[in-house]
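I have placed the structure first, in the form of structure tokens, so that the comments after it can refer back to it.
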Amino acid sequence: MRLRALEFFSGIGAFAQAAPAHNIEVVAAYDQSEWANLAYEKNYGLKPVSRNLDNISLQSLPEADIWWLSPPCTPYTRRGLQRDLDDERARSFLHLITCMVERKPPQIIIENVEAFLHSKMHGLLNQALLTAGYYCSICHLNPKMFGVPMLRPRLFIIATLEPHILSTPPVAPHQSLASIISGKAESIYDLFLNDEVADKYEKVLNVVDSDALSNPDTTLICFTSGYYQCRKASGTLLRTQGGRLRYFSPTEILALLGFDASYSLPDHFSLPICYRLLGNSVDVRAISYLLKSLVEVSDK
Ligand SMILES: C[S@@+](CC[C@H](N)C(=O)[O-])C[C@H]1O[C@@H](n2cnc3c(N)ncnc32)[C@H](O)[C@@H]1O
């Protein structure tokens, strides 16, 4: 059976990337970022509804079997000052919680950072879902579980009107970083850090040598939206054979996140824009694993 999904906070469309393999069609996507929406439309041919979700009307949302939500994580992170429910960036998600318990889509998946688990927002969400009759479970997933040596721990909340059991994630064989990124350093960008920036931030940068990419112990740290600005712990840089530091390219990061080789960001996007969008996105393999479990529930 083909399932219909709504993708909220759609960004560059990690959910839309995973969905077709599970016979799921995204019938509408929503995001306020014009950049994200351009990338989404270029790759999926569907134009996301470009608006602030703070006050979207329930009546305007089409019927769907699955709601996927990937709301901003900053209200729950230390860098975002953990203002939680008091953060105005949490308003859209709060509004969508009221929408979901009124509409009651059969399946809901919510993605966020691990710190979300201890937030007041999570308490409120959980209470609302249980009161509305949902079965809820929590899943912690990381690219390493899918064989990719990269840190990107994420929390997923799964809520279904029918009981569900998530299968144990498969123990995936290790994939070499060198093979994942091979041939994906696109030439349209100058990926090298200028020496001044490299010297200034040297102490806080996480760097791997290109020779170490085939080493099974080498692990990349999470690429975040602050990668281009070289913020502390914002993503790994690569020391090339000649000793210079370069960023991982957008295409390399897409591959590390599990996007298909045919996915590409529009050519006119600058590197800071690309990294902002990629830093916000989600591991496609993690979504795929969850969808596989949920589609099995729907098929019963
Ligand atoms: C964590 S990112 C989700 C990224 C997405 N899952 C992907 O695959 O790339 C959050 C997204 O929500 C969007 N967003 C944040 N606040 C919003 C709001 N109030 N209304 C609509 N979109 C919003 C941002 O533009 C961003 O793309």
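Just so you know, ligand 1 is whichever comes first in the structure, and atom 1 is the first atom listed for that ligand. Index from 1, following the sequence. Bear in mind that the values here come from a model prediction, so they are computed numbers and not experimental data.
Taking atom 14 (N) of ligand 1 as the reference point, the nearest protein heavy-atom neighbour is Phe9 CD2, 3.7 Å.
When the heavy atoms of Glu7, Gln32, Arg89 are ranked by distance to atom 17 (C) of ligand 1, first place goes to Gln32. Here atom 10 (C) of ligand 1 lies nearest to Ser70 when heavy atoms of Ala90, Ser70, Ser281, Ala36 are compared.
Interface of Asn52 with ligand 1, defined as ligand atoms under 4.0 Å from a residue heavy atom, comprises 18 (C), 19 (N), 20 (N). Near Leu53, with a cut-off below 4.0 Å to any heavy atom, the atoms of ligand 1 are 18 (C), 19 (N), 20 (N), 21 (C). Which parts of ligand 1 touch Arg51 is read off a 4.0 Å heavy-atom cut-off, strictly below it: atoms 20 (N), 21 (C). Every atom of ligand 1 with a heavy atom of Pro72 under 4.0 Å away is listed here by number and element: 15 (C), 16 (N). Every atom of ligand 1 with a heavy atom of Val282 under 4.0 Å away is listed here by number and element: 6 (N). Here is the list of ligand 1 atoms found below 4.0 Å of a heavy atom in Ile12: 7 (C), 9 (O). The ligand atoms of ligand 1 that sit less than 4.0 angstrom from a heavy atom of Gly13 are 7 (C), 8 (O), 9 (O). Under a 4.0 Å criterion applied to the non-hydrogen atoms of Asp54, ligand 1 contributes the atoms 19 (N).
Remark: the Gln241 side chain and the Asp211 side chain contain an N/O donor-acceptor pair separated by less than 3.5 Å. Checking Glu34 against Ser50 by side-chain atom types alone, a donor-acceptor pair falls below 3.5 Å. Looking at Glu114 and Tyr76, their side chains never bring a donor and an acceptor atom within 3.5 Å of each other.
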Margin query: Apply side-chain contact (heavy atoms from CB on, under 4.5 Å) to residues Phe223 and Phe248 and explain how you reach the verdict.
Written below: CA-CA 9 Å; Phe223 294 98; Phe248 279 78; 3.8 Å; yes
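Classification of the Tyr228-Tyr247 ring pair by plane angle, with boundaries at 30° and 60°, yields parallel.
Residue pairs that meet the salt bridge (charged side-chain N to carboxylate O under 4.0 Å, His left out) test with at least one member in residues 266-283, sequence neighbours left out, are Asp283-Arg285.
Taking the centre and axis of the six-membered ring of Phe192, the NZ or CZ atom of Arg246 falls outside the cone set by 45° and 6.0 Å.
In this structure, the ring of Trp67 has its center less than 6.0 angstrom from the ring center of Phe8.
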